[in-house]
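Letters go in sequence order (proteins before strands), and every chain restarts at 1. Values below: all heavy atoms of this structure, side chains included; hydrogens, waters and symmetry mates excluded.
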Amino acid sequence: MEYGRDITKPYRPADEMTSLGAYQRAITIKVTRHSRGSILLGAMRWSNLFIPTLRDAPNDAEAASHRLLIRGGFIRQLMSGHYTLLPLGLKVHEKVAEVVRQEMNAIGGQEFLLPAMHPKSIWEASGRWETMGDEMFRLQDRKGTDLALGMTHEEVFATLALEVNSYKQLPQFWYQIQWKFRDEPRPKSGLLRVREFAMKDSYSFDVDQAGLDASYDRHREAYIKIFARLGLDAVPVEASSGAMGGSGSSEFMVRSDAGEDDVAMCPTGDYAANVERASSALPAIEDAAPPAAPEKFPTPDVRTIKALEEIEGGAPADRQIKTMVYVVDGNVTLFLVRGDHQLNDQKVIDTTGSTDIRPAKPAEALEHLGANPGSLGAVGVSDDIVIYADHALEGRTSMTTGANEDDWHWRGVDIARDINVAHWVDLRNVSAGEACIHCGSPLEIIRCIEAGHIFKLGTKYAEAMGTTVLDQNGKTQTVTMGSYGIGIGRNMAAIAETSHDEAGLIWPVSVAPYEVAITVVKVKDEASMEAAETLYGELLDAGIDVVLDDRDERPGVKFKDAELIGIPYRITIGPKALEAGEVEFNERATGTTTNVALSDIAAQVTAEITSRR
RNA sequence: CGGGAUGUGGCCUAGCUCGGUAAGGCGCCUGCUUUGGGAGCAGGAGAUCGUGAGUUCAAAUCUCACCAUCCCGACCA
């Protein structure tokens, strides 16, 4: 009897499988919308599958997830930021999406599917046709009408919600899993940051703030469950709301060097925030009593904090005021932080509420302040220059700062007395080792992947679209919205990034491309192949997503592939053990192998897998 | 957009300094041998050396331009 490449000899049902339609149905992974139980599993013989594994990763792939997803035959790049999901990649992607879908449904989410292409008008209504800038892909149709490829869907959903008219219909949780297009300035690390990707985006609609708070909390809990099921250790952290606006947001962060965000975390777990908005407690500094007025003193060639520390009559960095000159909405604006602190750009954006921000050019500083960078300060500047100062400078006296005259500085500056601060705000970067604002423990700064982000949007978009309902008093109320996002492919990459070893990927059962592989050591051994086919049928019947490795390859090749691809369990059928009525059962994550009676293996594997879904 | 790097069969690389018409490994095809950890032998297919221009008797190699990709910084799921 011939095995191996013979696709005309399926396990079952033999007659059905000979029709092309039945065969296609069988090999198609179909994930239905409502429950895990209805995931239909295909007939999967490895000898017929397209799983192009590679021994070497392309040299321009650096991130572990990127390398392994390519080597394992999950993805291929078409161009920068655009990836093809190969059959194996699509299976994982669908399973991640299905976990998300189930948890959204569990909190009452209703699934939609919105167009990816939008008219200019709705983006103009929210003001984002302008503010999204180059991030938005734009195009025109044959009539010359301006269109955009959707990068998010607040506008469209808020428009749909025009048909909700009564508070009695609220809250509503609406979501979709759909493609987003973002013209990222720098796509990177395989699936971690791309320009075209599937996102689950959901939106809540409530009559009031209390309703929004509750909707937000329900999403937060759903997200915690989602990440737990995906095998991701995702920590909710306080986040900046960025371009979305709104009153608050949390990011779900997965610790990884491949990430792009830094999170300040208290080791006790009582505080975690993106450095874009993190704060910390600083020890108080005792200042000497200031002189009656600041003193100007010569500082030839001093242009840096460090140089000012070292010069005769200078001051340590924590007694200096660093003056950063920016242009905000066209106006020169000063941001002051302590000399040893770093200005955080996101905090500048968040506190000013503007996205039109750039550092001033030296010529602009010279024009408005009278000196070049290195000698700039806020003492005695014109009243029409708005000054923001960091909290760490509040109450400080006897400070040193630039005198707005090259080669001169002030000392003895009493900030309250000498500088006209308009806004006392948080502007500085938190550094590792600074004290937690809750418990005083030293904070750690941890590199993370942003796996999800939830926002309290408030009424911004509903107002723009005119989305209102009548409340219990018959009064018109603008609905208040939340929006909640999870990148499907990004999460897939995050799992790969955090769960692999030298041999390859280690998928959790919940998203594994196959739950178990049956590896036939010697396909030409009839007894082996028969046992394998029988077991394969039993597992299919039990609803297990199983692949039969019936390739006529040496066993080493098959073991390596199964490990690279990260299939959680492997059943090895070899002639010797089989004579004793046994097969090997191997767990990918631990590497443990046990011999199990052939008669017991199906039940044991099924129990193991179903307990881990 | 600023800085750095790279582009040679499907994948990894050599060749480039010092021009002479492309080499090896993996993979693929055929045959034989092999069969519990990426097999061996023999034969074979597959490359306008990113694109274009220039220099030269001659360009993968030198020059210029462009394109693409990756990495580091400003943005976000």
Side-chain angles (χ1 to χ4, degrees), chain A residues 52-63 66-67 70-71 73 76-82 96 100 132-136 151-152 177-202 223 234 239-244 249 251-254 259-261 274 276 344-346 348-349 355 357-359 449-455 483-494 503-504 519-525 528 551-564 570 572-578 584 586 593:
Chain A
T53 57
L54 260 28
R55 211 155 180 173
D56 302 298
N59 70 343
D60 55 11
E62 279 190 9
H66 189 192
R67 297 177 66 81
I70 288 179
R71 283 192 56 209
R76 289 293 183 265
Q77 186 186 57
L78 179 63
M79 58 178 166
S80 182
H82 300 261
V96 172
V100 173
M132 282 306 188
D134 291 338
E135 199 84 2
M136 187 151 74
M151 41 196 300
T152 175
I177 297 174
Q178 188 254 14
W179 292 91
K180 306 298 184 214
F181 298 86
R182 296 183 185 177
D183 193 354
E184 291 290 340
R186 187 155 88 87
K188 57 173 291 201
S189 305
L191 256 29
L192 276 176
R193 177 170 215 79
V194 293
R195 303 204 305 171
E196 174 184 352
F197 59 98
M199 177 162 94
K200 185 287 295 174
D201 48 321
S202 48
Y223 272 41
S240 156
S241 296
M244 290 299 230
S249 76
E251 290 166 322
F252 289 79
M253 292 300 208
V254 176
E260 302 178 84
D261 286 87
N274 194 307
E276 290 175 348
N344 183 297
D345 289 348
Q346 188 63 46
V348 170
I349 291 167
T355 49
I357 292 174
R358 61 175 174 83
I449 295 169
E450 182 188 347
H453 200 161
I454 59 179
F455 297 86
S483 86
Y484 316 89
I486 289 183
I488 305 299
R490 179 122 115 196
N491 274 269
M492 183 175 156
T519 303
V520 184
V521 171
K522 196 171 182 179
V523 296
K524 285 176 179 152
D525 178 60
S528 292
R551 292 176 297 168
D552 187 9
E553 292 284 351
R554 296 169 66 85
V557 173
K558 303 205 229 189
F559 294 150
K560 292 284 186 195
D561 271 348
E563 283 157 11
L564 173 61
R570 189 178 73 224
T572 308
I573 298 185
K576 283 177 216 148
L578 197 58
E584 268 171 33
N586 172 273
T593 301

(message) Determine whether a donor-acceptor pair (N or O, by modelled atom type, separation under 3.5 Å) exists between the side chain of A/Ser249 and the backbone of A/Ala239.
(response)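 Present.
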(request) May I ask you to decide if A/Val521's main-chain N or O and A/Lys558's side chain share a donor-acceptor pair within less than 3.5 Å? (result)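 It does not hold such a pair.
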Quick one: is [N] close enough that its OP1 or OP2 comes under 4.0 Å of any side-chain N or O from [X]?
X        : N     : result
A/Asn59  : B/C11 : no
A/Arg554 : B/A39 : yes
A/Ser80  : B/C70 : yes

Sequence-distant partners of [X], salt bridge (Lys or Arg N to Asp or Glu O under 4.0 Å), two or more places apart:
X        : answer
A/Glu584 : none
A/Asp345 : none
A/Glu563 : A/Arg570

At under 4.0 Å between heavy atoms, what does [X] touch on the DNA or RNA strands: base, sugar-phosphate, or nothing?
X        : result
A/Asp201 : nothing
A/Glu184 : base
A/Ala61  : nothing
A/Glu584 : base

Quick one: list whatever passes side-chain hydrogen bond (donor to acceptor under 3.5 Å, both in side chains) with [X], sequence neighbours left out.
X        : answer
A/Arg193 : A/Glu184, A/Glu260
A/Glu135 : none
A/Asn274 : A/Glu251, A/Asp261
A/Glu450 : A/His453

Rounded distance (Å) that lies between atom [atom2] of [N] and atom [atom1] of [X]:
X        : N     : atom1 : atom2 : value
A/Gln346 : B/C76 : CD    : P     : 6 Å
A/Arg551 : B/G37 : CZ    : C1'   : 13 Å
A/Leu54  : B/G10 : CG    : P     : 12 Å
A/Met151 : B/C76 : CE    : P     : 8 Å
A/Ile449 : B/C76 : CD1   : P     : 18 Å
A/Lys524 : B/U35 : NZ    : C1'   : 9 Å
A/Lys522 : B/G37 : NZ    : C1'   : 16 Å

(request) Measure from the side chain of A/Val521, starting at C-beta and using heavy atoms only, and say which of B/C75, B/G36, B/A77 lies closest. (result)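 Given the options B/C75, B/G36, B/A77, the side chain of A/Val521 is closest to B/G36.
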So which protein N/O to nucleotides 71-74 of chain B N/O distances come out below 3.5 Å?
{"from": "B/C71", "atom 1": "OP1", "to": "A/Ser189", "atom 2": "N", "distance (Å)": "3.2"}
{"from": "B/C72", "atom 1": "OP2", "to": "A/Arg186", "atom 2": "NH1", "distance (Å)": "3.1"}
{"from": "B/C72", "atom 1": "OP2", "to": "A/Arg186", "atom 2": "NH2", "distance (Å)": "2.9"}

(request) Spell out yes or no: do the side chain of A/Arg71 and the base of B/G27 have one donor N/O and one acceptor N/O closer than 3.5 Å? (result)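 Looking at the base of B/G27, it does not pair with any donor or acceptor on the side chain of A/Arg71 (distance under 3.5 Å).
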(request) Using both pair distances under 3.5 Å as the test, note the stems of at least 3 consecutive Watson-Crick or G-U pairs that include RNA chain B. (result)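 Expected stems, ordered by start: B:1-7 with B:67-73, B:10-13 with B:23-26, B:28-33 with B:39-44, B:50-54 with B:62-66.
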Quick test: give all pairs of protein nitrogen or oxygen and nucleotides 28-30 of chain B nitrogen or oxygen below 3.5 Å, distance rounded to 0.1 Å.
none

Side-chain donor-acceptor pairs of residues 194-201 of chain A under 3.5 Å, sequence neighbours excluded:
{"from": "A/Arg195", "atom 1": "NE", "to": "A/His82", "atom 2": "NE2", "distance (Å)": "3.2"}
{"from": "A/Arg195", "atom 1": "NH1", "to": "A/Asp183", "atom 2": "OD1", "distance (Å)": "2.8"}
{"from": "A/Arg195", "atom 1": "NH2", "to": "A/His82", "atom 2": "NE2", "distance (Å)": "3.4"}
{"from": "A/Glu196", "atom 1": "OE1", "to": "A/His82", "atom 2": "ND1", "distance (Å)": "2.6"}
{"from": "A/Lys200", "atom 1": "NZ", "to": "A/Ser202", "atom 2": "OG", "distance (Å)": "2.7"}
{"from": "A/Lys200", "atom 1": "NZ", "to": "A/Tyr223", "atom 2": "OH", "distance (Å)": "2.7"}
{"from": "A/Lys200", "atom 1": "NZ", "to": "A/Tyr484", "atom 2": "O", "distance (Å)": "3.2"}
{"from": "A/Asp201", "atom 1": "OD1", "to": "A/Gln176", "atom 2": "NE2", "distance (Å)": "3.4"}
{"from": "A/Asp201", "atom 1": "OD1", "to": "A/Lys180", "atom 2": "NZ", "distance (Å)": "3.1"}
{"from": "A/Asp201", "atom 1": "OD2", "to": "A/Gln176", "atom 2": "NE2", "distance (Å)": "3.1"}
{"from": "A/Asp201", "atom 1": "OD2", "to": "A/Lys180", "atom 2": "NZ", "distance (Å)": "2.9"}
{"from": "A/Asp201", "atom 1": "OD2", "to": "A/Tyr203", "atom 2": "OH", "distance (Å)": "2.5"}

(request) State which residues pass side chain to side chain contact (heavy atoms under 4.5 Å, CB included) with A/Ser189; sequence neighbours excluded, sorted by chain then number. (result)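 So A/Ser189 forms a side chain to side chain contact (heavy atoms under 4.5 Å, CB included) with A/Ala63, A/Leu192.
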